[in-house]
Amino acid sequence: MNSIDYGEKIPNNVLLSEDRALRRALEQWQPNYLHWWRDMGPEGSQDFDVYLRTAVSVDPQGWAQFGHVKMPDYRWGIFLHPAEKDRRIHFGEHLGEPVWQEVPGEHRANLRRIIVTQGDTEPASVEQQRHLGLTCPSQYDLRNLFQVNVEEGRHLWAMVYLLHKYFGRDGREEGEALLERRSGDQDNPRILGAFNEKTPDWLSFFMFTYFTDRDGKFQLCALAESGFDPLARTAKFMLTEEAHHMFVGESGVSRVIQRTCEVMNELKTDDPARLRAAGVIDLPTIQRYINFHFSVTIDLFGADQSSNAATFYSSGLKGRFDEGKRSDDHLLEGATYRVLEVQGGLLVEKDVPMLNALNEVLRDDYIKDSIGGVERWNKVIEKAGIPFHLMVPHKAFHRQIGTLNDMKVSPEGRVVSDHEWNQQVERWLPTDTDRAFVASLMGRVVEPGRFANWIAPPALGINRQPVDFGYVRFD
Ligand SMILES: [Fe+2]
Ligand SMILES: [Fe+2]
């Protein structure tokens with residue numbers, strides 16, 4: 001089961017050749033997918049040879065093979081993590097029962113909704129990022145963008161496989177709808193808010209892959225616990241791909257910061273105007289981008305209290321992050337959890353049933369994880385001897401979902417008046433001027449080994465290749 005059949009039109013390790021109806025359905029979906037990729041995938045890049053990794057096995061070691069391929073020829077396929085023998089449901093009302101290999105009738109609607117919501121984010125991010133190749137800061141970065149894009153395309157395949165195999169006609173219709181919605185479209189947008197935002201520049205891209213792909217990690221970790229075994233296994237393999245996306249984000253922002261610090265020290269200034277004149281992104285602007293991407297991303301976890309979240313957990317469909325490593329009863333019946341609410345103009349904590357607060361539990365785990373990289377960015381600033389500290393904003397800042405929706409809260413977590421918000425918001429969130437400045441830096445640098453002025457080169461190349469390797473061939 002671990003090895004992948006590349007002799008098939010659709011590479012897979014799910015014995016697709018033995019299920020002719022399913023294979024036929026997926027082979028009918030395949031040209032529609034390629035059509036979508038041509039329309040909505042990376043702009044103007046169809047003929048480039050890109051140094052991409054492709055899965056050759058789902059073993060943790062050595063799953064990837066690297067080589068130059070044209071993106072439309074990328075071998076998108078269906079790869080599931082190996083099945084675990086005698087796996088049992090380890091949380092919720094079905095605790096201890098064998099995992100499901102088919103969809104239980106009573107959970108069908110909820111499972112479909114979970115899979116469609118996850119599936120919808122995958123093509124959405126490709127659509128959001130489709131113009132970025134035109135303004136890449138280097139070949140190395142261009143290659144990383146394309147790698148992320150083809151893998152998000154593969155994540156769509158992963159979800160469409162589940163829809164086709166387990167949800168019959170409904171599933172096939174959902175598979176088509178996933179190719180029809182468009183990020184940011186007025187009439188037929190993607191399902192979740194953050195996936196309808198623009199990713200207009202590379203600083204946004206790095207922030208997105210750091211913060212928003214990390215939301216993907218947490219959602220996938222929760223789904224990797226699922227009692228529906230095919231979902232758990234596909235989520236597990238997707239996680240190995242996701243790790244690279246977050247690396248692209250963390251190292252990308254880090255290199256932007258490093259370059260800014262170099263110029264700050266050269267010019268001996270922290271004046272944003274002088275730094276901008278020197279063509280680098282000042283640290284307060286980077287902080288505002290963090291504030292924006294962090295707040296938009298934590299909304300993705302949903303309302304702080306949600307009966308759906310309770311149902312998904314109790315019925316064994318979606319666990320907590322690291323469910324298997326937790327030592328409580330995995331039922332959570334009497335357990336409580338602290339959520340925030342506003343009382344008399346102040347943020348206060350209150351205890352609510354944990355089952356209803358599982359979105360908040362996952363959001364808090366996410367927040368802990370996302371702080372780690374920000375601290376590593378601070379190390380870069382510290383090493384340069386610059387007294388400036390980046391931080392993630394308070395979780396009540398700039399929220400649009402749940403109890404905190406539309407509350408006016410500062411990045412430090414102070415409830416503020418509308419008046420103060422309007423006065424300060426330009427210090428807290430990227431302004432049109434910030435965005436226009438960042439956009440003005442976005443040229444196209446494609447000579448091997450050259451980097452745009454606003455970003456430092458990486459310490460290492462991809463797959464032990466030199467930094468000035470020809471990662472993308474243009475002719
Ligand atoms: Fe993904
Ligand atoms: Fe991703």
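In this chain, residues are counted from 1 in sequence order. Just so you know, these numbers come straight off a predicted model, no measurement behind them. Atoms within a ligand are numbered from 1 in the order they appear, just like the ligands themselves.
Both the sub-6.0 Å distance and the 45° axial angle are not jointly satisfied by Arg259 relative to the ring of Phe451.
Between Lys395 and Glu360, at least one side-chain nitrogen of the basic residue sits less than 4.0 Å from a carboxylate oxygen of the acidic one, meeting the salt-bridge criterion. A salt bridge links Arg399 with Asp299; the closest basic N to acidic carboxylate O contact falls under 4.0 Å. The pair Arg326-Glu225 does not count as a salt bridge, with every side-chain nitrogen at least 4.0 angstrom from each carboxylate oxygen. Between Arg435 and Asp432 there is no salt bridge, since no side-chain nitrogen of the basic residue lies less than 4.0 Å from a carboxylate oxygen of the acidic one.
With hydrogens and angles left out, the side-chain atoms of Asn149 and Gln129 include a donor and acceptor closer than 3.5 Å.
Distances shorter than 2.8 Å separate the Fe ion (ligand 1) from the protein N/O/S atoms Glu122 OE1, Glu152 OE1, His155 ND1.
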